[in-house]
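Here is the naming used below: chain letters follow the sequence lines, and residue numbers restart at 1 for every chain.
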Protein chains: 2
Amino acid sequence: MQTSPFRTVEERKVEREQKREAVLRAAVRLFNTHGFHAASLDDVAASLGVSKPTIYHYLGNKDQVLFECVTRGIEQLRDAASAAREHPGSGLDRLRSFLRHYAEITMGDFGRCVIRTSDEVLSAESADRFRELKREIDGAMRALIAEGIADGSIAPVNVKLAAFTLAGALNWPARWHRTDGGESAETVATQMVDILTGGLAPR
Amino acid sequence: MQTSPFRTVEERKVEREQKREAVLRAAVRLFNTHGFHAASLDDVAASLGVSKPTIYHYLGNKDQVLFECVTRGIEQLRDAASAAREHPGSGLDRLRSFLRHYAEITMGDFGRCVIRTSDEVLSAESADRFRELKREIDGAMRALIAEGIADGSIAPVNVKLAAFTLAGALNWPARWHRTDGGESAETVATQMVDILTGGLAPR
DNA sequence: TAAACGATATACTCGCTGGTAAAATATAGA
DNA sequence: TCTATATTTTACCAGCGAGTATATCGTTTA
């Protein structure tokens, strides 16, 4: 395809959006590997071959960069939740479907950022919004568990604590799983979900 | 009891040790609430009513302060592991005992610090040591699971992944559980362990 | 062609915080 | 009492990194 150096208004808008996205991708990678504080915006810029003010041209400040990253991740989780709601089968089946997606997402770039970002590093306002978004995901998970209990496919457990237990277990790979070596995210996800839903004790 | 202002050599040694401990306690609290980077050594010193160089008189530098904190936490976990090994009953019983202690410890000050501290914030050397110590705890957990499988009290699962699943789930309260409000650490621990060992599906 | 606009870079400020030098004060022991 | 040692402070330095003022250059549009 022939690309002319003369862009239409629409093309320029798209290009700007792509660059913005590229900044976020580069940022989230560095945040995940080095940690938010250790990754400077100079580093992020350098990894893209540009200079720091370019980042400010596309995003407000470091806090906003991080907030956008976690928002991307939360959105993926939200999508997984609504997909699970439409999944056929029992409540347990739907929950399992969600859990597997949840695990896979949190092993990806933006999902991992959601897990690794603790509230204190965000500005007070962003932290509030972030908590709110996370609460939404937690709510979705609790709803699925409750449905499963209602239709008898899940044992009557403390819903709140069960949600935390499941999320906690599935969040952990975000801290150790390396995409390069060993098991695929899918394998890990499936096995963990099996352990969680089946329990340890033999039947 | 009468305390004279004139201390013996032994008393002075003890007092020094107490002050060192007080620094660690103050530090770990601030690290846990504000995060390692956001909590400055000036803050830590201020919370004790002393000045920053005093901290350096008892501990080398900020990295070492953190490392000592996580070491304290790891030691508690290690003690729990050896206690569990001597616990009577089946492999599953021993594992459950360990898991409950594990959960309670990681809701305490030093244990929480172990969970909340990601390797990147430590110096390269401290991070190596830290990983080593964590590997030891992981090894203990895997051994308990393997024993349970051997004696038939635990279903034949992937030991490595099971250990990560259990640890991940139990680590999570370190990030949200507030000691002040709601359930006690013990209650949370017990319920989570029940969910993990029993699974979600009804029997 | 001129003016406006968008994208990017250079080069800077400024605050914060880890870390230290040196002095002051107290305590212990000879 | 004098000296050595332990404890703690004040006052400082250095570096890093977030964020900004301003210039440049190309592109669009009137």
Side-chain angles (χ1 to χ4, degrees), chain A residues 3-24 26-27 30-31 33-69 120-126, chain B residues 3-24 26-27 30-31 34-69 117 120-126:
Chain A
T3 45
S4 151
F6 303 96
R7 306 286 152 78
T8 70
V9 175
E10 188 55 31
E11 281 172 337
R12 300 192 81 199
K13 210 170 169 183
V14 168
E15 194 173 315
R16 184 184 169 89
E17 194 48 45
Q18 284 173 342
K19 288 184 181 174
R20 199 182 136 100
E21 210 69 25
V23 170
L24 291 176
L30 286 177
F31 291 166
T33 52
H34 303 325
F36 178 71
H37 284 285
S40 74
L41 287 185
D42 279 314
D43 292 340
V44 175
S47 82
L48 288 164
V50 297
S51 66
K52 186 168 50 177
T54 301
I55 293 180
Y56 282 87
H57 190 246
Y58 291 97
L59 291 153
N61 58 14
K62 201 182 180 186
D63 174 73
Q64 200 175 120
V65 174
L66 179 58
F67 183 71
E68 284 269 355
C69 288
E120 326 101 33
V121 309
L122 285 161
S123 71
E125 306 79 53
S126 299
Chain B
T3 45
S4 149
F6 303 96
R7 306 286 153 79
T8 69
V9 175
E10 188 54 32
E11 282 172 336
R12 300 192 80 203
K13 211 170 170 183
V14 168
E15 194 172 314
R16 184 184 169 89
E17 194 48 44
Q18 283 174 343
K19 288 183 182 174
R20 198 183 136 100
E21 211 69 25
V23 171
L24 291 177
L30 285 176
F31 290 166
H34 303 325
F36 178 71
H37 285 285
S40 74
L41 287 185
D42 278 314
D43 293 339
V44 174
S47 82
L48 289 164
V50 297
S51 66
K52 185 170 52 177
T54 300
I55 292 180
Y56 281 87
H57 190 247
Y58 292 97
L59 290 153
N61 58 14
K62 200 181 181 187
D63 174 72
Q64 199 175 122
V65 173
L66 178 59
F67 183 70
E68 285 269 356
C69 288
T117 298
E120 326 99 34
V121 309
L122 285 161
S123 70
E125 306 79 50
S126 299

Whole-Å distance between [N] [atom2] and [X] [atom1]?
X: Ile55(B); N: dT7(D); atom1: CD1; atom2: C1'; answer: 14 Å
X: His37(B); N: dG17(D); atom1: NE2; atom2: C1'; answer: 13 Å
X: Tyr56(A); N: dT20(D); atom1: OH; atom2: P; answer: 7 Å
X: Asp42(B); N: dT9(D); atom1: CG; atom2: C1'; answer: 13 Å
X: Leu41(A); N: dG19(D); atom1: CG; atom2: P; answer: 7 Å
X: His34(A); N: dC16(D); atom1: NE2; atom2: P; answer: 16 Å
X: Asp43(A); N: dG17(D); atom1: CG; atom2: P; answer: 7 Å
X: Asp63(B); N: dG18(C); atom1: CG; atom2: P; answer: 12 Å

Describe the nucleic acid contact of [X] in one word from base, sugar-phosphate, nothing, applying a heavy-atom distance below 4.0 Å.
X: Ser40(B); value: sugar-phosphate
X: Thr54(B); value: base
X: Lys19(A); value: sugar-phosphate

Practice task
Can you sort out the partners of Asp42(A) under salt bridge (charged side-chain N to carboxylate O under 4.0 Å, His left out), two or more places apart, ordered by chain and number?
Solution key: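 Here the qualifying residues are Lys52(A).
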Selection from [options] that lies nearest to any side-chain heavy atom of [X]:
X: Pro53(A); options: dA9(C), dG19(C), dT7(D); value: dA9(C)
X: Tyr58(B); options: dT9(D), dT8(D), dG19(D); value: dT8(D)
X: His57(A); options: dT8(C), dT8(D), dT9(D); value: dT8(C)

Handout entry: Test item: Lys19(A) side-chain N/O and Thr54(A) main-chain N/O as donor-acceptor pair under 3.5 Å
Key =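 No.
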Exercise for the section: May I ask you to test the Tyr56(A)-Leu41(A) pair for a side-chain heavy-atom distance under 4.5 Å? Expected result: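 They are in side-chain contact.
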Handout entry: Taking every non-hydrogen atom, the tightest pair across Ser123(B) and Asp63(B)
Key =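 Heavy-atom minimum between the residues: N-OD1, 2.8 Å.
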